[in-house]
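We number each residue from 1, following the sequence as shown. Everything numeric here is computed off the predicted structure, so don't read it as measured data.
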Amino acid sequence: MTTQGRSAALDGLRGLAAVAVVFYHAILDQSASTVAVLDPPIQGLTSFREAATKIALTVANGQSAVLLFFVLSGFVLKHSLNRTTGSPVSICWEFVVRRLCRLYPAIVFCMAFCFALGSSLTNVPWFADSPHLAAAANPHLVLLNATLVKITMHGATWTLQAEVLAIPFVLLAFFLGRKWGVLGISICLAISIMAIESPFLALNLPNMSGVLFAFMAGVLLAETKSATFNEQAVWISVGFFLFARLVIPMHSTTATISQTLLACCLVYAAFSARAGQFYDLLNARSLRFLGRISFSLYLLNVPVMWVVGALIKDIGFSETNPLEMGILLGVVTTALTLPIADFSERWFEQGGIRLGRYVTKQRAPNTVAAPAE
């Protein structure tokens, strides 16, 4: 099922990933004890509470969700580039302009929202000690973060910085794939894996050495031809996607690469499924809605969580019941962010997409198809 050229199942997958990020940060925000269980495998933990927290942080694992987002980006952008025509210069022009117009309007709205919260709440006693709101009240830090030149006050925007920095790498993989086929993209993937331990291969760009291979894996996945869909294999992939974070040290290279490969399995399954429980789950109306607003939800939940988190910590149960308070924070933050994210998607994300199409239509009339997130 597709909606306006989008895969509804991929939207559902995005929605799940975006909500996972919210709860991941909400749980980690509660105390040092929750952070302490993040990296060790579950078999190395000693108490039931630690194990329960580990399981929660595995199901709602923000790092896994971010890798999934990057694989999705590489996959969808390569499909979009496959539909383009024209000279290499016109293809690059269209791709870069539309990609930037896709990303920056929502970022600008989020930064304006952060500044509005910071400047209005820093003098309120409940929020006077919040370093996040204090930074958000600084126009210089907000403007610098909005450009993505430097991440100064909204930590989650490092992933958007990576999305921008990945643009030339995705284009390079596309043109090498057009010239040399799958072999060309496979070389790009191999080099990007080498970059994990040799960052100069990713040009020493911020964070790119650790995530570039996820984009390249998505680009290569887009070259996969349709095959018979197997429901059982999909659920096994889901199980191993969680298993990799549960029993392997989370920050190990092995865990990260395996997570990326399993993310490829989930993206391919969502894209190719036409029936079955997995398909029905991702095509649920609620998940498709979350997928549509996932970009803005990912951005805007952060400042909302600053405010809600400051209020919840005053209750006093964060240290004794961090998991329960983290889940509560995640629920409240998600509920409050949904209408704001919906507004951002309707007016800023869609407005940016229309702007990108208008600009490239005027300058490059022979090219088609905007890169979709």
Side-chain angles (χ1 to χ4, degrees), residues 10 13-14 17-18 21 62-84 88 91-107 145-151 154-178 184-223 256-257 259-261 263-264 267 294-295 298-299 349 352-353 356 369-373:
L10 287 182
L13 197 59
R14 284 190 190 94
V21 171
Q63 294 194 31
S64 298
V66 165
L67 288 173
L68 183 60
F69 282 137
F70 291 155
V71 170
L72 272 165
S73 287
F75 180 77
V76 173
L77 294 175
K78 178 60 165 61
H79 270 288
S80 180
L81 282 165
N82 287 344
R83 298 193 297 270
T84 58
I91 290 174
C92 289
W93 162 259
E94 175 187 331
F95 182 81
V96 172
V97 170
R98 294 192 179 194
R99 190 67 181 142
L100 295 180
C101 287
R102 175 69 180 92
L103 296 173
Y104 271 98
I107 295 170
N145 205 140
T147 65
L148 299 180
V149 171
K150 186 176 182 181
I151 309 306
H154 189 306
T157 52
W158 77 265
T159 62
L160 284 309
Q161 184 187 59
E163 292 275 3
V164 172
L165 295 176
I167 289 173
F169 295 101
V170 172
L171 283 169
L172 175 63
F174 166 71
F175 286 117
L176 287 179
R178 194 162 72 168
I185 302 174
S186 298
I187 292 172
C188 292
L189 176 60
I191 293 173
S192 67
I193 293 175
M194 294 181 218
I196 296 174
E197 297 183 357
S198 302
F200 76 92
L201 293 172
L203 306 181
N204 291 312
L205 294 171
N207 298 303
M208 289 306 293
S209 64
V211 301
L212 180 58
F213 69 97
F215 289 99
M216 294 297 102
V219 171
L220 182 61
L221 182 66
E223 294 297 289
T256 304
I257 293 176
Q259 281 280 288
T260 301
L261 295 177
C264 288
V267 170
S294 58
F295 180 27
Y298 175 82
L299 285 171
E349 291 187 50
I353 291 171
E373 182 66 24

So, using side-chain hydrogen bond (donor to acceptor under 3.5 Å, both in side chains) as the criterion, who are the partners of [X] when residues are at least two apart?
| X | answer |
| --- | --- |
| S294 | none |
| T157 | N145 |
| N207 | none |

Which heavy-atom pair separates [X] from [Y] by the least distance, and what is that distance?
| X | Y | result |
| --- | --- | --- |
| A17 | A65 | O-CB, 3.5 Å |
| F175 | C92 | CE1-SG, 3.5 Å |
| L10 | V267 | CD2-O, 3.7 Å |
| I257 | F213 | CA-CE1, 4.1 Å |
| E163 | S73 | OE2-OG, 2.8 Å |
| A18 | F69 | N-CZ, 3.6 Å |

A156: side-chain contact (heavy atoms from CB on, under 4.5 Å) partners, not counting sequence neighbours |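 H154, Y298, V302.
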Using the test side-chain contact (heavy atoms from CB on, under 4.5 Å), find all partners of A214 that sit at least two apart in sequence or belong to another chain.
-> L67, F70, V71, T260
Does a donor on one side chain sit under 3.5 Å from an acceptor on the other, for E94 and T84?
->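 Note: E94 and T84 side chains miss the donor-acceptor criterion.
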Rounded distance [0.5 Å steps], [atom1] in [X] versus [atom2] in [Y]:
| X | Y | atom1 | atom2 | result |
| --- | --- | --- | --- | --- |
| I187 | L176 | CD1 | CG | 7.5 Å |
| F95 | L100 | CZ | CG | 9.5 Å |
| R98 | R102 | CZ | CZ | 13.0 Å |

Could you check whether any side-chain N or O of [X] sits under 3.5 Å from a backbone N or O of [Y], counting only pairs where one atom can act as donor and the other as acceptor?
| X | Y | result |
| --- | --- | --- |
| Q161 | L148 | yes |
| Y104 | T147 | yes |
| S80 | V76 | no |

Assess whether side chain to side chain contact (heavy atoms under 4.5 Å, CB included) is satisfied between I185 and M216, documenting all intermediate values.
-> CA-CA 7 Å; I185 302 174; M216 294 297 102; 5.8 Å; no
Please tabulate, for side-chain N and O atoms in residues 191-201, each donor-acceptor pair with protein atoms closer than 3.5 Å (sequence neighbours left out).
unit_1, atom_1, unit_2, atom_2, d
S192, OG, C188, O, 3.4
S192, OG, L189, O, 2.6

Between E223 and S186, does a side chain to side chain contact (heavy atoms under 4.5 Å, CB included) hold up when you go through it step by step?
-> CA-CA 10 Å; E223 294 297 289; S186 298; over 6 Å; no
Could you walk me through whether F295 and R14 pass the side chain to side chain contact (heavy atoms under 4.5 Å, CB included) test, one step at a time?
-> CA-CA 9 Å; F295 180 27; R14 284 190 190 94; over 6 Å; no
Determine, step by step, whether L103 and V164 satisfy the side chain to side chain contact (heavy atoms under 4.5 Å, CB included) criterion, reporting the C-alpha distance in whole Å, the side-chain angles of both residues, the deciding distance to 0.1 Å, and the verdict.
-> CA-CA 8 Å; L103 296 173; V164 172; 3.8 Å; yes
If you define the side chain from C-beta out and look only at heavy atoms, does anything of [X] sit under 4.5 Å from [Y]?
| X | Y | result |
| --- | --- | --- |
| L205 | L212 | no |
| F174 | L77 | no |
| F169 | L203 | yes |

